[in-house]
Amino acid sequence: QVQLVESGGGLVQAGGSLRLSCAASGRTIRNYAMGWSRQAPGKEREFVAGISRSGSATYYADSVKGRFTISRDNAKNTVYLQMNSLKPEDTAVYYCAASSGGYLSIADFGSWGQGTQVTVSS
């Protein structure tokens, strides 16, 4: 099973940017579709972005479309989430995930990291 460790979270002002990284170990991510989800206090986990095994196709939730970009470097076994124009409502714990199947739904993902906190101040 692939192990995932997120990093890059922190405190940022509204309008700012952060880049999250997800380092994988144990297995090569070439065999997995990858994604990011987030969970704010008192809310359900929300799937925000997914990327195919090759990186040629991506999916974004409407809430982040045009502001977030998911990418992957299979050689480095790492996935990224570039977050621009951040809003206070983006505040959440962000989780990286791996899927042996698709990348369009949170239900596709079976392996999760521990998460990294992102806080956006107004």
Side-chain angles (χ1 to χ4, degrees):
Q1 190 171 352
V2 62
Q3 287 81 48
L4 305 170
V5 178
E6 303 92 337
S7 62
L11 174 64
V12 64
Q13 288 188 331
S17 298
L18 282 175
R19 188 195 196 201
L20 305 184
S21 298
C22 171
S25 62
R27 299 263 179 103
T28 173
I29 64 169
R30 296 177 191 274
N31 299 326
Y32 296 91
M34 301 296 293
W36 289 91
S37 67
R38 66 186 182 186
Q39 189 164 20
K43 295 188 176 181
E44 292 187 357
R45 191 170 293 195
E46 176 190 15
F47 182 57
V48 297
I51 188 167
S52 63
R53 287 165 178 76
S54 66
S56 62
T58 56
Y59 164 86
Y60 297 96
D62 288 343
S63 57
V64 306
K65 198 173 294 183
R67 300 187 298 121
F68 290 12
T69 303
I70 187 171
S71 62
R72 63 192 295 160
D73 187 334
N74 286 344
K76 294 183 178 180
N77 232 27
T78 302
V79 181
Y80 305 96
L81 186 68
Q82 177 67 43
M83 306 186 296
N84 298 329
S85 302
L86 283 162
K87 305 175 181 179
E89 52 263 44
D90 293 318
T91 295
V93 178
Y94 283 72
Y95 298 90
C96 176
S99 166
S100 299
Y103 61 94
L104 301 177
S105 167
I106 198 170
D108 291 328
F109 293 85
S111 298
W112 296 88
Q114 293 301 305
T116 184
Q117 176 71 46
V118 171
T119 303
V120 184
S121 63
S122 57

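These values consider heavy atoms only, across backbone and side chains, with no hydrogens, waters or symmetry-generated copies. If you read the sequence from its start, that first residue is 1, and numbering goes on from there.
Between the side chain of Y60 and the main chain of I70, a donor-acceptor pair closer than 3.5 Å is present. Panel note: side chain E6, backbone C96; a donor-acceptor pair is recorded below 3.5 Å. T78 places a side-chain N or O within 3.5 Å of a backbone atom of K76 that can act as its donor or acceptor partner. Judged by distance alone, the side chain of Q3 and the main-chain N or O of Q1 form a donor-acceptor pair under 3.5 Å.
Y32 is not listed as a side-chain neighbour of S99, based on a closest heavy-atom distance of 4.5 Å or more. For the pair S71/Q82, no side-chain contact is recorded, criterion being any heavy-atom separation below 4.5 Å from C-beta on. Put simply, the side chain of V12 does not reach to within 4.5 Å of the side chain of M83, judged on heavy atoms.
Distance check, rounded to the nearest 0.5 Å: OG of S100 to CZ of R53 gives 7.0 Å. Note that the CZ atom of R72 and the OG atom of S52 stand 7.0 Å from one another [nearest 0.5 Å]. Distance check, rounded to the nearest 0.5 Å: CD of Q117 to OG1 of T91 gives 7.0 Å. In this structure, CG in D90 is found 4.5 Å from CZ in R38, a value given to the nearest 0.5 Å. With values rounded to the nearest 0.5 angstrom, I51 atom CD1 is found 11.5 Å from W36 atom CH2.
In terms of heavy-atom proximity, I106 sits nearest to S37 at CD1-CB, 4.3 Å. Across all their heavy atoms, A24 and I29 have their closest contact at CB-CG2, 3.3 Å. In terms of heavy atoms, N84 sits closest to S17 at OD1-OG, 2.9 Å. Annotation for A57 and Y103: closest pair CB-OH, 3.1 Å, computed over non-hydrogen atoms. Shortest non-hydrogen contact noted between L20 and Y94 is CD1-CB, 3.6 Å. The minimum heavy-atom distance linking S122 with A14 is given by the pair CA-CB, 4.4 Å.
Aromatic ring pairs are classed by plane angle as parallel below 30°, tilted from 30° to 60° and perpendicular above 60°; the pair W112 and Y95 is perpendicular.
Both V48 and V120 belong to a single network of hydrophobic side chains, linked directly or stepwise wherever heavy atoms of I, L, V, M, F, W or Y lie under 4.5 Å apart. Neither F47 nor M34 shares a network with the other; the hydrophobic side chains, linked directly or stepwise wherever heavy atoms of I, L, V, M, F, W or Y lie under 4.5 Å apart, form separate groups for each.
Within 6.0 Å of atom CD in Q114, 12 or fewer heavy atoms from other residues, nucleotides or ligands are found, so the atom counts as exposed in its surroundings.
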**From CA spacing to verdict: salt bridge (charged side-chain N to carboxylate O under 4.0 Å, His left out), K65, D62** = CA-CA 5 Å; K65 198 173 294 183; D62 288 343; 3.1 Å; yes

